[in-house]
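This structure is a prediction, so every number in the text was calculated from the model and none was measured. Indexing begins at 1, ligand by ligand and atom by atom, following the structure's order.
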Amino acid sequence: MSLRSLVVKSNGPFFVLAPMDDVTDTVFRRIISETAAPDLYFTEFVNVDGLQSPGREKLLPKLAFTPSETPIIAQVWGKNPENYYKTAKEIKEMGFDGIDINMGCPAKPVVQNGCCSALINNRELTGEILQKVREAVGPDFPVSVKTRLGFGTIDNTWHEFLLSHKLNMLTIHGRTVKEMSKVPAHWDEIGHIAKLRTSLSPDTLIVGNGDVMTHKQGVELAKEHGLDGIMVGRGIFHDPYLFAEQSPWEGMSKQQKIDLYTKHVKLFGKTWQNAERKLVTLNKFCKVYIEGFPGAKEFREELMAAESIDDLLRMLKSV
Ligand SMILES: Cc1cc2nc3c(=O)[nH]c(=O)nc-3n(C[C@H](O)[C@H](O)[C@H](O)COP(=O)(O)O)c2cc1C
C-alpha cells in the first residue's frame, strides 16, 4: 500500500512519533499506541553495517515491533551502500511499511565517520545509497529520508538534490547540524522546502519536525507552512497523550500516572527478558510519568535507584 494512502488524512496533518534512540522501542511505542496513537511510527535508528556483521544479533531488538505499532517505518544509518541494499531487502521482508535513512544525526562520532548528517556534504555517496535502497525494495515500497536544513548553514541545494530522487517522504528537522538543538526550529524554512517539493517532486510527503509540544501546535504549524505531516520527539516526554486532540494528561491523578508507569515497567520486563535492554534505560521514562504531583521528585529518585524490575514494581505498588 502507498505511504500516502496509509497516513494522509483529509482533515489535518498526519502525526508521526519521532525515532529516538533508546527511547522509542517496541515497549514505549506500545504504551503510546494505547494512550493516544500517532498515525505513523518510526523505529530507533539501526546501523546497516552492524546489521550485516557478526554483531547483528545485538541490534535486532531495535527492529522488533508488533501490529499495534503500525504503520511503522524502520530507520537505518550507516556507510556501505551494499549493506544498505541487503538491509533494505530484509526490512521489506520483515513487514515494515517503509525504510527511512537518517541523514540528520549530528553526533560527533557518527559525523566523523562520514555517516548521517555528514551525508549532506557527500552527495555522491548519498546518491549511491538512495539508488541501492530503491533497487533493493522496488518501485512501490516507501523510501524516505530524515534530515536537517543544512550542515553549517541552510542549504536548499541539499533538499533539491534529495527531492530529485523522488522520495516517498522527506522529514525536515528545522535546524542545521551546527545548530544541534540549541536554537528554536526554523519552521519558515521547512515551509520553503514544502514549496520546493511542489515544483520538484509533488508526490513526496513533507513532514516538519522540531519543538512541537502539543497536538494543536502541530496542526497550526502544518497549516501555516503547507506540510503533510508533523513529527514529534521530545514533546512526548511532557505528555504521553500528546497525539490526542484533547489530552487528558494534565488532569490525571497521581495514581493514574503511577499506573501508566507500572504498565510500562511490566511490559519492559516481559519484552526484554534476556536483558536486551538495560534496566537503566527505564530511568529515561521515570520523569515522563512520575511528575506533576507533590513528592514526585523524591519518588523518582527512589525509583531510579531500583536494581531490578521486581524492585521497581514493589516500589510502585507501595505508594
Ligand atoms: C534521546 C533522543 C534520541 C534520538 N534518536 C534519534 C534517532 O535514532 N534517529 C533520528 O532520526 N533522530 C533522533 N533524534 C532526533 C529526534 O527524532 C528529533 O528530530 C529531535 O528531537 C527534534 O524533534 P523534537 O523537538 O520534537 O524532539 C533523537 C532525539 C532524542 C532527544
Heteroatom proximity flag, Asn209 to ligand 1, N/O under 3.5 Å: yes
Distance filter under 4.0 Å to Asp211 heavy atoms, resulting ligand 1 atoms: 24 (P), 25 (O), 26 (O)
Exam field: side chain Trp272 to backbone Leu279, donor-acceptor pair closer than 3.5 Å: no
Which residue and heavy atom of the protein sit nearest atom 29 (C) of ligand 1, plus the separation: Met20 CG, 3.8 Å
Heavy-atom nearest neighbour of atom 31 (C) of ligand 1 within options Arg175, Met213, Arg234: Arg234
Charged N-O contact under 4.0 Å between Asp155 and Arg123: yes
Contacting atoms of ligand 1, where contact means under 4.0 angstrom from a heavy atom of Lys146: 10 (C), 11 (O), 12 (N), 15 (C), 16 (C), 17 (O), 18 (C), 19 (O)
Donor-acceptor contact below 3.5 Å, side chain Lys146 vs main chain His173: no
Basic-acidic side-chain contact under 4.0 Å: Arg175, Asp211: yes
Polar proximity ligand 1 side, Val232 side, N/O cut 3.5 Å exclusive: no
For atom 9 (N) of ligand 1, closest protein heavy-atom neighbour: Gln75 OE1, 2.8 Å
Side-chain donor or acceptor of Glu69 paired with backbone N/O of Phe65 under 3.5 Å: no
Which residue and heavy atom of the protein sit nearest atom 3 (C) of ligand 1, plus the separation: Asp21 N, 3.2 Å
Those atoms of ligand 1 less than 4.0 Å from some heavy atom in Ala18: 17 (O)
Pick from Gly233, Gly210, Gly208, Pro19: the one approaching atom 16 (C) of ligand 1 most closely through a non-hydrogen atom: Pro19
Short N-O contact, Lys297 and Glu301, less than 4.0 angstrom: yes
Donor-acceptor contact present, side-chain Glu44 to main-chain Asp22, <3.5 Å: yes
